[in-house]
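So the structure is just underneath, and the comments pick up after that.
Just so you know, ligand 1 is whichever comes first in the structure, and atom 1 is the first atom listed for that ligand.
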Amino acid sequence: MTGNYAEVYKSWREDSPGFWMEQAAAIDWFIKPETAFDPDLGAYGRWYPDGVTNTCYNCLDRHVAAGRGDQAALIYDSPLTGAKRRISYSAMLAEVEAFAGALSDRGIGKGDRVIIYMPMVPEAIVAMLACARLGAVHSVVFGGFAAHELATRIDDSQAKLIVTASCGIEPGRIVAYKPLLDAAIEQARHKPDSTIVLQRDNHRCELIEGRDFDYATLIAANAGRKTECAQVLSTDPLYVLYTSGTTGKPKGVVRDNGGHMAALYWSMHAIYGVKPGEVFWAASDIGWVVGHSYIVYAPLLHGNTTIVFEGKPVGTPDAGTFWRVIAEHKVAVLFTAPTAFRAIRKDDPQGSRVKSYDMSGFRALFLAGERADPDTIQWAERILDVPVIDHWWQTETGWTIAGNPMGLGLLPVKYGSPAVPMPGYDVRVIDDEGHPVATGSLGNVVLQLPLPPGCLSTLWNAESRFHEAYLAEFPGYYKTADAGYVDDDGYLFIMARTDDIINVAGHRLSTGGMEEAVSGHPDVVECAVIGIADTMKGQIPVGFIVISSGPDRSEAEVEKEVIQRVRDQIGPVAAFKTVMVVKRLPKTRSGKILRATMQKIADGEDWTMPATIDDPAVLDEISDLLTKRGIGKKRD
Ligand code: COA
Ligand code: AMP
């Protein structure tokens, strides 16, 4: 594919099936698709419906066959343990074949679900690819989620097996996974048949005879085993990734095989501008979509070397750790969330640590996962002296909706905008009645159907929820649940979510889910959780609770218990650390909690008393309470 952005986007517009057939040629198929898209299948059509392929084959076998066997597929760099390992494509293939053999001995085959609850270690990626090899459907659960969240996912996916590790490592503490896993299995209605546990030296755990199996023993027993790649339909599911929805029940985003590969492969050269053989680093976690797409699948599909980094941007050991990894492993492109850069800047405001490293091979920084504030982008540009590129996408799409494609020649940067739609995406901004809004006006950002290859095909076991959540409100469009506008040059600006999702340090969380956890406390009569602006994490949750009269504990004790409850039920990653007891919650006369106004007060924005408010004194009380705690602004 050659040409600049405008030409390429136009070529897609003029012939979408032709464009995507051309991208499919970059993938190896057992049976090549003859049909690019069938509009009559699934909720909005399906890509390459007659193609037969295997994602693991495309990530490993074909590169080894093509002579890339000695190249590093993965570089594991763990400042948290001091470990560093380079794993070649051949070695990765051997371990994946061995592990896939072990999985199939445990009864795993095409279509079976396997949960992977692991820290950032290469074995997690082995497990993902082994599932792909067998045509099994993996569901990776982020290590920062608590047992209850894991249990929800076990029940929804009906997983037959769970792959886990004895522990994760966070700065200053070991996170023992086994007690979380055991509690989750105990809580879940569905019981997996077995688990496979990677024992880590930092903390080993007891295995339950007959249920838990040791990862290393299985790999040793299956060394040298050849495990065939299952032939799967392009439209068969590769994975389910649960993401926050508007209730406590997460949505299982289903990704297929063929469309996913074609889209991700294209993105590597066209959007990120990398060539096979180069080192690509997505500093995220395999528990998130960024990790699925850009730590695992896209770099391996494209023959790149991917970095598996077990550490943080700061404190492991310092704010220079990203530059050390870039220099040491010759990283060409880094992708992370803006919050990581805000954290680095806080520790090293001048960015002086960069100067200690040879960054000559580093070409670009990509940011996504939350709004990239212009200040952070400009700071990163100054200290790195490379293009800093914002791009916007979601768990549901799996790859960029709007961005500035480095491989097609960068367009001028407009700070605050992730730039322009990628081929495959017809982005529109409409009002609540579904009418287009004027250029520059804020509205609902929607995507005209069909969605391109790589996007979710449905929600796991929840076809009608998929329809209701994404397709029903604006017929003919996919609702992104983001609000934004397009300017005169066609640049998109994403301003806010239109639902209760908040973004905490690039992690997507539902305030509705937190409210469910909070309201389960026996003394809580009513509650509201809102996301408020935070200079480091972008947003943090704050809870307001009304408690029953006369609990035998102080308000402070109840607040502490509520905080602990969210940590235990959702996980530390929710960063739920502020909750306050209020006498009443502000409501409209029809009983709707005025969350948006509370958020404005907390964010220090100008606010006016809503005309529909039931009792104005309640909002003034909340405003007083927040200002006493140093949060927010009083009414003008
Ligand atoms: N397993 C267990 N616990 C985890 C975890 C994991 N995989 N990841 C995070 N946590 C815990 C942390 O230890 C912390 O616990 P604490 O409350 O006891 O301190 C809590 O969850 C919040 O973690 P985190 O969001 O990482 O915040 P932080 O204050 O520890 O670090 C940043 C802040 C900015 C350094 C960090 O959020 C970061 O590196 N962000 C990068 C963004 C990113 O990867 N986004 C993913 C999408 S691209
Ligand atoms: P996730 O599914 O975790 O990737 O979160 C997706 C949501 O994060 C989007 O719907 C946006 O609200 C937000 N988001 C992601 N990337 C960006 C970006 N570049 N600019 C603004 N918001 C973003």
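No side-chain donor from either of Y44 and S457 sits under 3.5 Å from a side-chain acceptor of the other. D348 and S352 share a donor-acceptor pair across their side chains, judged by distance under 3.5 Å alone. Checked by atom type, the side-chain pair R255/Y239 shows a donor-acceptor distance below 3.5 Å. For the 3.5 Å distance criterion, the side chains of N444 and D432 qualify, holding a donor opposite an acceptor. Side-chain contact of Y415 with E381: a donor-acceptor pair under 3.5 Å is present, judged by distance alone. For T243 and R508, the side-chain atoms include at least one donor-acceptor pair closer than 3.5 Å.
The residue among D482, T243, D390 with a heavy atom at the shortest distance from atom 11 (C) of ligand 2 is D482. Distances from atom 16 (P) of ligand 1 to the heavy atoms of R342, M120, R567, E170 put R567 nearest.
Aromatic ring centroids of Y272 and H302 lie 6.0 Å or more apart. Between F335 and W281, the ring centre distance reaches or exceeds 6.0 Å. Residues Y297 and H292 place their aromatic rings such that the two centres sit no closer than 6.0 Å.
Atom numbering of ligand 2 starts at 1 in the shown order; those under 4.0 Å from a heavy atom of N503 are 7 (C), 8 (O), 13 (C).
Heavy atoms of Q394 found under 4.0 angstrom from ligand 2 belong to the backbone as well as the side chain. With a 4.0 Å heavy-atom cut-off, ligand 2 is reached by the backbone of E370 but not by any atom from C-beta on. If you look at W393 next to ligand 2, the close heavy atoms, those under 4.0 Å, all belong to the backbone. Neither the backbone nor the side chain of A575 comes within 4.0 Å of ligand 1, counting heavy atoms alone. Contacts of T395 with ligand 2, taken as heavy-atom pairs under 4.0 Å, involve both backbone and side chain. For V290, no heavy-atom contact with ligand 2 is shorter than 4.0 Å.
Looking at ligand 2, you'll find an N or O of G369 within less than 3.5 Å of one of its N or O atoms. In terms of N/O distances under 3.5 Å, ligand 1 is approached by R173. Residue H391 places at least one N or O, backbone or side chain, under 3.5 Å from an N or O of ligand 2. Polar contact check, G143 against ligand 1: a nitrogen or oxygen pair lies under 3.5 Å apart. Taking distance alone, with nitrogen or oxygen atoms compared against 3.5 Å, S284 stays at or beyond that limit from ligand 1.
The protein non-hydrogen atom at the shortest distance from atom 40 (N) of ligand 1 is T339 CG2, 3.6 Å.
The cationic group of R465 does not satisfy the cation-pi geometry with Y470, failing either the under 6.0 Å distance to the six-membered ring centre or the 45° limit from the ring axis.
Within the structure, the closest approach of P313 to ligand 1 falls below 4.0 Å when heavy atoms are considered. At least one heavy atom of G506 sits under 4.0 Å from some atom of ligand 1. Heavy atoms of F142 come nearer than 4.0 angstrom to ligand 1 in at least one pair. Using a 4.0 Å cutoff on heavy atoms, P171 does not count as a contact of ligand 1.
Using a 4.0 Å threshold on non-hydrogen atoms, atom 5 (C) of ligand 1 counts as touching the protein.
To the nearest 0.5 angstrom, I401 atom CD1 is 7.5 Å from I494 atom CD1.
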